[in-house]
There are 2 protein chains.
Amino acid sequence: MSRRAVTIAEVARHAGVAVSTVSYVLSGKRTISATTRQRVLDSVRVLGYHPNAGARALASKRANVIALVLPLRAGMHLPVLMQFATSVVTTARQYDHDVLLMTADEGPDGLRRVAASALVDGLVLMDVELDDQRVPLLRELAEPSVLIGFPADSAGLTCVDLDFARAGALCVDHLAELGHREIALLGAPAVVYERGTGFARRTREGFSAAVRAHGQTGAALPCEETFDEVFGEVKALFEPGSGMPGLSGLIVHNEAAVGHVLSALRVLGKRVPEDVSVVAICPDDVADRASPPLTSVLIPAGDVAHRAVELLMAKLDGREVPEATLLEPRLTVRESTAPRA
Amino acid sequence: MSRRAVTIAEVARHAGVAVSTVSYVLSGKRTISATTRQRVLDSVRVLGYHPNAGARALASKRANVIALVLPLRAGMHLPVLMQFATSVVTTARQYDHDVLLMTADEGPDGLRRVAASALVDGLVLMDVELDDQRVPLLRELAEPSVLIGFPADSAGLTCVDLDFARAGALCVDHLAELGHREIALLGAPAVVYERGTGFARRTREGFSAAVRAHGQTGAALPCEETFDEVFGEVKALFEPGSGMPGLSGLIVHNEAAVGHVLSALRVLGKRVPEDVSVVAICPDDVADRASPPLTSVLIPAGDVAHRAVELLMAKLDGREVPEATLLEPRLTVRESTAPRA
DNA sequence: CAGGATCGTCGAAGCGCTTCGACGTAAGGA
DNA sequence: TCCTTACGTCGAAGCGCTTCGACGATCCTG
């Protein structure tokens with residue numbers, strides 16, 4: 001229970017060298033002869049030495065920890081968040097950093113606290129909103145940060161995200177190639193648009209622009225997440241008088257609703273893809289698990305997270321990084337889309 | 001950008017007291033006169049002082065950070081994990097601690113690393129498996145830990161979990177009261193049982209025991225997570241010759257499958273709850289969102305996490321804690337269950 | 001073969017905080 | 001009134017590490 005931790009002094013004594021020599025072996029910041037290095041390394045292993053994180057942070061002014069700030073409200077779907085978080089941790093570990101988990105409900109004060117106390121060297125913030133109150137703080141903070149998503153004014157910040165406008169357009173392009181003339185986008189719940197969440201709007205804009213470019217007819221609608229609401233909405237779309245008598249393509253950008261949409265179509269007797277082609281913007285596993293497996297544009301949570309951490313590490317090293325990074329979406333064709341009958 | 005951080009020495013100078021006095025004001029470990037205290041507190045506020053975490057950890061031998069270790073494979077469903085993680089963070093903050101996020105893929109070495117380096121004071125591990133390889137390490141670690149879930153041998157450890165056996169039994173009791181005589185449990189995918197994941201097995205055991213106690217007929221089956229597999233399985237259950245000609249109650253302990261099960265029943269023309277009563281073991285939001293809203297036993301991820309952190313804090317304070325904590329499940333009646341026709 | 005570079009190592013000075021013992025000073029007991 | 005006790009505060013000694021400057025020893029270069 002109470003074994004005292006091994007210190008660098010004990011390693012030095014065991015190896016017959018100075019404390020500073022051990023430090024230099026471990027950090028590689030000065031050249032050390034191969035024989036000495038080996039002796040030190042052996043002592044480290046034999047004694048089971050682990051440098052004390054606090055002492056290291058104090059002396060070096062680097063904690064080797066980054067903060068990951070989760071959104072308070074789940075604008076993004078929970079599983080994506082999770083995938084995101086694990087990817088941040090994994091990537092950070094590759095750079096020999098650990099991850100401190102924070103929730104957004106501590107607000108700006110929480111960020112200031114961890115930054116000012118030197119608990120963390122930098123920050124990754126997820127799911128930033130358009131008029132995020134933490135953004136001004138980030139600008140004045142000494143510690144570098146990377147945002148997932150784009151606030152209204154992203155000048156001077158480093159932001160990463162999937163290119164949702166392209167994602168929306170990609171879906172439209174795919175349906176256009178298959179000959180669909182009237183298509184609809186079922187997006188996030190209405191409240192998400194009202195909140196000004198960037199990704200939802202950008203998808204819709206990409207959708208609208210592409211529809212116009214192809215000369216199609218298109219409607220972009222919010223989409224709630226209970227079966228009954230989804231059913232009602234889908235039913236209305238196909239009703240005569242909906243304004244889209246020839247509707248044959250559906251784009252669903254709402255993970256929680258995608259299952260409900262398929263259920264609704266089944267109940268309405270619409271076959272996928274014979275009667276209606278469906279494209280989803282969602283993680284691959286959701287698309288794979290659906291029936292039929294959905295043609296989809298992947299939300300590459302892992303890649304976004306990976307890139308975000310890489311950018312943060314670059315900033316920590318004092319390197320210059322681009323302000324905006326948009327990840328190219330990729331469309332995977334599965335069994336839910338087909339040429340228009 | 002490069003404002004140096006305020007140190008305790010500057011606060012002391014500003015307030016006209018010794019460094020140690022500031023420290024005692026902040027920690028409350030010695031009595032300080034009200035006037036001095038106020039003067040120091042004012043200086044702290046004026047200067048915007050935040051104690052350096054590394055220095056504090058080094059001097060006090062307490063990092064005020066706990067580790068949260070996520071499972072590598074998502075045995076538990078992702079949204080629950082997420083809910084869990086946020087609850088751990090929130091609770092830890094109430095005790096003035098932060099949370100270091102780790103994934104299980106670093107394995108035992110990762111735990112040893114953060115513990116030996118004094119990065120964290122204690123550990124919370126999620127989704128522990130029956131023969132978890134990290135368990136022996138935890139026993140010999142100086143740092144206290146709390147596990148979510150039970151390994152095969154939990155002696156000497158502190159474990160918390162929902163009482164899944166009771167949860168399974170509760171579902172059966174409810175169906176029994178409604179007069180259902182033949183019922184089935186659709187559980188986790190087969191691979192989860194093979195892996196020896198505790199919660200899946202314990203639910204099944206609770207189910208079986210209760211079925212026996214009520215003199216019902218019951219079948220416990222694994223359940224995959226794609227629509228087609230679920231559909232096949234549900235269809236088979238209702239087929240003549242399945243051995244359950246009077247099947248009228250279904251218990252679903254699989255968040256990913258619960259939507260598919262309802263879809264399947266719709267397609268098979270089975271009405272819920274008129275023809276079949278369905279009880280789910282899942283978070284409330286999933287049950288609420290289903291159509292019809294599902295009678296369910298809640299997985300109180302937040303409560304479990306909260307309790308886990310409380311136990312860890314108690315151990316950090318040197319208090320004794322019970323080895324096993326089982327949280328009582330709660331069944332909420334919604335619209336998916338009804339008396340047998 | 002002398003002079004300057006270069007290499008490998010050491011010693012010591014912090015980093016910012018907590019905590020221990022000590023030292024007045026004011027309050028309580030005899 | 002004198003001695004004890006408690007209270008409030010201070011100074012200094014670390015905590016374990018990194019990093020700077022220094023110093024022999026070895027290596028070239030002319």
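Basis for what follows: all heavy atoms, side chains included, without hydrogens, waters or symmetry-related copies.
Here B/Thr7 lies in heavy-atom contact (under 4.0 Å) with sugar-phosphate atoms only. If you check every strand for non-hydrogen atoms under 4.0 Å, A/Ser20 touches a base. A/Val19 comes within 4.0 angstrom of a nucleotide base, judged by non-hydrogen atoms across all strands.
In this structure, the CG atom of B/Leu58 is 12 Å from the C1' atom of C/dG14, given to the nearest Å.
Checking C/dC17, D/dC10, D/dG16 against every side-chain atom of B/Ala18, the shortest atom distance belongs to D/dC10.
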Derivation of the salt bridge (charged side-chain N to carboxylate O under 4.0 Å, His left out) call for A/Asp98 and B/Arg113: CA-CA 11 Å; A/Asp98 280 287; B/Arg113 179 179 63 82; 2.9 Å; yes

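Distances shorter than 4.0 Å separate some side-chain N or O of A/Tyr49 from OP1 or OP2 on D/dC17. Note on B/Lys61: every side-chain N or O is 4.0 Å or more away from OP1 and OP2 of C/dT18. Contact annotation: A/Thr31 side-chain N/O to C/dG8 OP1/OP2 distance is under 4.0 Å.
Along DNA chain D, the nucleotide nearest to A/Ala55 and the one nearest to B/Arg39 differ in position, and the one closer to the 5' end is contacted by B/Arg39. Closest-nucleotide positions on DNA chain D for B/Thr36 and A/Tyr24 were compared, and the one nearer the 5' end corresponds to B/Thr36.
Side-chain atoms of A/Glu10 and A/His14 include no donor-acceptor pair closer than 3.5 Å.
Put simply, the side chain of A/Arg30 and the base of D/dT19 share no donor and acceptor less than 3.5 Å apart.
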